[in-house]
2 protein chains.
Amino acid sequence: MISLTEENYLKALFNLANHAGEVNVNELSKQLDIKMPTVTSMMKKLAGKKLVYYESYKPLRLTEKGKREASLVIRKHRLTEMFLAEKMGFGWEEVHDIAEQVEHVQSAAFFDKINELLGFPKLDPHGAPIPDKNGKLAWVAYDKLSDCHVGETVRVSAVVHTSSEFLKFLNNREIKLGTRIKIKSIESFDSSMVISYDNRPAETLSHAVCERLLVEKKV
Amino acid sequence: MISLTEENYLKALFNLANHAGEVNVNELSKQLDIKMPTVTSMMKKLAGKKLVYYESYKPLRLTEKGKREASLVIRKHRLTEMFLAEKMGFGWEEVHDIAEQVEHVQSAAFFDKINELLGFPKLDPHGAPIPDKNGKLAWVAYDKLSDCHVGETVRVSAVVHTSSEFLKFLNNREIKLGTRIKIKSIESFDSSMVISYDNRPAETLSHAVCERLLVEKKV
DNA sequence: CTAAGATGTTAGAATAATCTAACAAAATAT
DNA sequence: ATATTTTGTTAGATTATTCTAACATCTTAG
């Protein structure tokens, strides 16, 4: 059995994993707002359960079993987010905090029903893919808006680090998944972008914003 | 802040309270499947938070604050049950176990939304009243079917001690809230009742069943 | 290359919730 | 009314999760 606490560590490990699947103790500590010694001891515990590879002073890595379990928690989280948004009328900026709690419900029937009522969605309200029942995740590699060039027209496909503040910022500007953005110019000194979309007047987006907007170029 | 564990103790205290609002340590211990010494120490803790009146060797009683907090947990539980049954298609025999977990979600917005989507229901799927936002519960005193007499026709209004097994038993016989039951005869040796309803052939219900069916006589 | 700073571990303690064993009080049955 | 049973408490231990303080290792800037 995996405790609620352990589920949270697995989820954070999964979300922080870089290309090589590695996470530092320090990063994980900051992500979870839990002190490093506590993280170290939990990693030893999870290693004992064959969920994490742990060696002193080495980066952390999930085992295959760990990845599967983490994905299943993320599945519950994203299905919940989608249900809250699609079936209950919550805004995409509201769903994360509630899903953070609902995801720990232990009832396959509950999440199966949500999945069914939603028509087996592939993406959550932030454009993130929903892992399947076996914990398999079909990752689509989007581009960051900040990596695009002047003159390109792109479609917003997902948002990263979906803090409520950031999403409210997007709401205020009516930027949502599917919005087609044209890059008019890029300020070289701060990498901010002047863009236009939806027949609106030109708008400037800071680099911080552009890094969090994931887009597709082939519109 | 009231922990998930404390919420469970409060809920159990509320549900077990007799006419005088009293509960014994032993009853509570059995209800929660937690040993008596643990219950005693939790009662001291809750007494420290002014949620329970506790004196050695005396029955336990919730304070007004304790009753309010308990009612609010029960409110979340019953709203969840109703949502699961009405909006998600779960049977009344399935909703309790899921609601037992969802009830601990800390988000007023979540339960407000459920309440709204349900159209502010007054009763849960088992006929139990849903406390209001202030923890006030409008209790309706129904009769047990077992207290009714031969010849009476009554309407099933609620069920008590809603174990999944009992509810499946009722499902098999298509007895639900609203079913009108006529009492044909009562076996004096075991208090079982021969009843008829819905133009079906006569059916015999054991005393155990009749005690758990709450009915209204004025149909 | 080495000193400073960042990162990670060990040791020991704290809190919450639970348990068993032993004892104490209350209720019950003859 | 007293012995037995049931109920309740105390004491002490256990497990899970967290912390701080101190120490160890690794990385990096001169």
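In what follows, chains carry the letters A, B, and so on, assigned in the order in which the sequence lines appear, proteins first and then strands, with residues in each chain numbered from 1.
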Nearest-angstrom distance from the residue atom [atom1] of [X] to [atom2] of [N]:
X       : N      : atom1 : atom2 : result
A/Met1  : D/dA16 : CE    : P     : 14 Å
A/Leu60 : C/dG8  : CG    : P     : 8 Å
A/Leu28 : D/dT17 : CG    : C1'   : 14 Å
B/Lys58 : C/dA24 : NZ    : P     : 20 Å
A/Lys30 : C/dA6  : NZ    : P     : 10 Å
A/Lys44 : C/dT9  : NZ    : C1'   : 6 Å
A/Ile34 : C/dT7  : CD1   : P     : 18 Å
B/Tyr57 : C/dA26 : OH    : P     : 7 Å

Please pick, from [options], the nucleotide with the shortest atom-to-atom distance to any side-chain atom of [X].
X       : options                : answer
A/Met36 : C/dG8, D/dT9, C/dT10   : C/dG8
A/Met42 : D/dT20, C/dC19, D/dT18 : D/dT18
A/Glu6  : C/dA21, C/dG8, D/dT17  : D/dT17
A/Pro37 : C/dC19, C/dT9, D/dG8   : C/dT9
A/Tyr9  : D/dT18, C/dC19, C/dT10 : D/dT18
A/Lys45 : C/dA26, C/dT18, D/dA16 : D/dA16
B/Ser41 : C/dG8, C/dT18, D/dT7   : C/dT18

Touch class at under 4.0 angstrom, heavy-atom based, for A/Thr38 against every strand present: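 The residue A/Thr38 makes base contact.
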Counting the atoms with a prime plus P, OP1 and OP2 as sugar-phosphate, which does A/Thr5 contact under 4.0 Å by heavy atoms, base, sugar-phosphate, or nothing?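 It contacts sugar-phosphate atoms only.
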Taking OP1 and OP2 of D/dG8, is either one under 4.0 Å from a side-chain nitrogen or oxygen of B/Thr40?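 No.
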Side chains of [Y] and [X]: any donor to acceptor distance under 3.5 Å?
X        : Y        : answer
B/Ser192 : B/Glu187 : no
B/Trp92  : B/Asp124 : no
B/Glu103 : B/Thr80  : no
A/Asn172 : A/Lys168 : no

Hey, can you tell me if A/Phe166 and A/Phe169 have their rings parallel, tilted or perpendicular (30° and 60° cut-offs)?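 Because their plane-to-plane angle is under 30°, the rings of A/Phe166 and A/Phe169 count as parallel.
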